[in-house]
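Any value given below was found using the heavy atoms of this structure, including those in side chains, with hydrogens, waters and symmetry copies removed. As the structure is a computational prediction, the values presented were derived from the model and not from experiment. Every number for a ligand or one of its atoms is a count from 1 in the order of the listing.
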Amino acid sequence: MATNRTFTMIKPDATGNGYIGGILKMINEAGFRIVAMKYTKLTKEAAGAFYEVHKERPFYGELVDYMSSGTIVAAILEKENAVADFRKLIGATDPTKADEGTIRKIYAKSISANAVHGSDSDENAAIEGNFFFSNLERF
Ligand code: CMP
């Protein structure tokens, strides 16, 4: 059953280019409520652990280097059908394939510098949210 929460990160390309406000505005206008939010920088170890599911992929090293290269904004978002609706809002992983009007179409530069992360399942949304925020039941 779909839950009503998802997890996102605004990635270093977007934070570095001053897109945090624009991205959060799109998230709010699409009906998501911010449940928890953190502005931080990942160490290589933390980025590696967060993306461990991809460790056999050829782009893993690049992904870890990139995600630890600058500041990020991590957030838990709430809305009915949150995981699927947020993936629609952000668009395809590769911004050249993202639909018009999606966050990645507007703000992303490349497949690795793709502005935002969005959880791909309810299970991963809970795991990823727990990675950044403890005592989630408080939120
Ligand atoms: P994200 O939604 O954060 O989840 C995994 C990330 O890996 C993805 O966004 C991309 O930024 C990155 N990624 C996926 N495929 C590739 C690829 N072929 N080359 C580089 N990075 C990739």
**Student:** Can a salt bridge be assigned to the pair K109 and D13 using a cut-off of 4.0 Å between side-chain N and carboxylate O?
**Tutor:** no
**Student:** Only heavy atoms count here, so choose which of F59, Y66, F50 is nearest to atom 7 (O) of ligand 1.
**Tutor:**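 Looking at heavy atoms only, the winner is F59.
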**Student:** Between Y51 and F131, is the gap from one ring center to the other below 6.0 Å?
**Tutor:**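 When the ring centroids of Y51 and F131 are compared, they turn out to be at least 6.0 Å apart.
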**Student:** Under 4.0 Å, heavy atoms only, figure out whether ligand 1 is touched by the backbone of H54, its side chain, both or neither.
**Tutor:** side chain
**Student:** Which heavy atom of A125 sits nearest a heavy atom of T6, and at what distance?
**Tutor:** CB-CA, 3.9 Å
**Student:** Contact between ligand 1 and Y51 is defined here as a heavy atom of the residue under 4.0 Å from a ligand atom; is it met?
**Tutor:** yes
**Student:** Considering V64, T93, I90 one by one, which has a heavy atom nearer to atom 8 (C) of ligand 1 than any of the others?
**Tutor:** T93
**Student:** So is K11 in contact with ligand 1, going by heavy-atom distances below 4.0 Å?
**Tutor:**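 In this structure, K11 qualifies as a contact of ligand 1 - some heavy atom is under 4.0 Å.
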**Student:** Within 45 degrees of the axis of the six-membered ring of F132 and under 6.0 Å from its centre: does K38 put its NZ or CZ there?
**Tutor:**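 K38 over F132 ring: no.
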**Student:** Answer with yes or no whether R104 contacts ligand 1, where contact means a heavy atom under 4.0 Å from a ligand atom.
**Tutor:** yes
**Student:** Looking only at side chains, do K79 and N4 share a donor and an acceptor under 3.5 Å apart?
**Tutor:**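 No, because no side-chain N or O of K79 sits under 3.5 Å from a partner of the opposite role on N4.
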**Student:** Look at atom 6 (C) of ligand 1 and say which protein heavy atom is nearest, naming residue and atom and giving the distance to 0.1 Å.
**Tutor:**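 Minimum-distance protein heavy atom for atom 6 (C) of ligand 1 reads L63 CD1, 3.8 Å.
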**Student:** Are H117 and F86 an aromatic pair by the rule of ring centers under 6.0 Å?
**Tutor:** no
**Student:** Considering only the protein, which heavy-atom contact is closest to atom 10 (C) of ligand 1, and what is its distance?
**Tutor:** I111 O, 3.2 Å
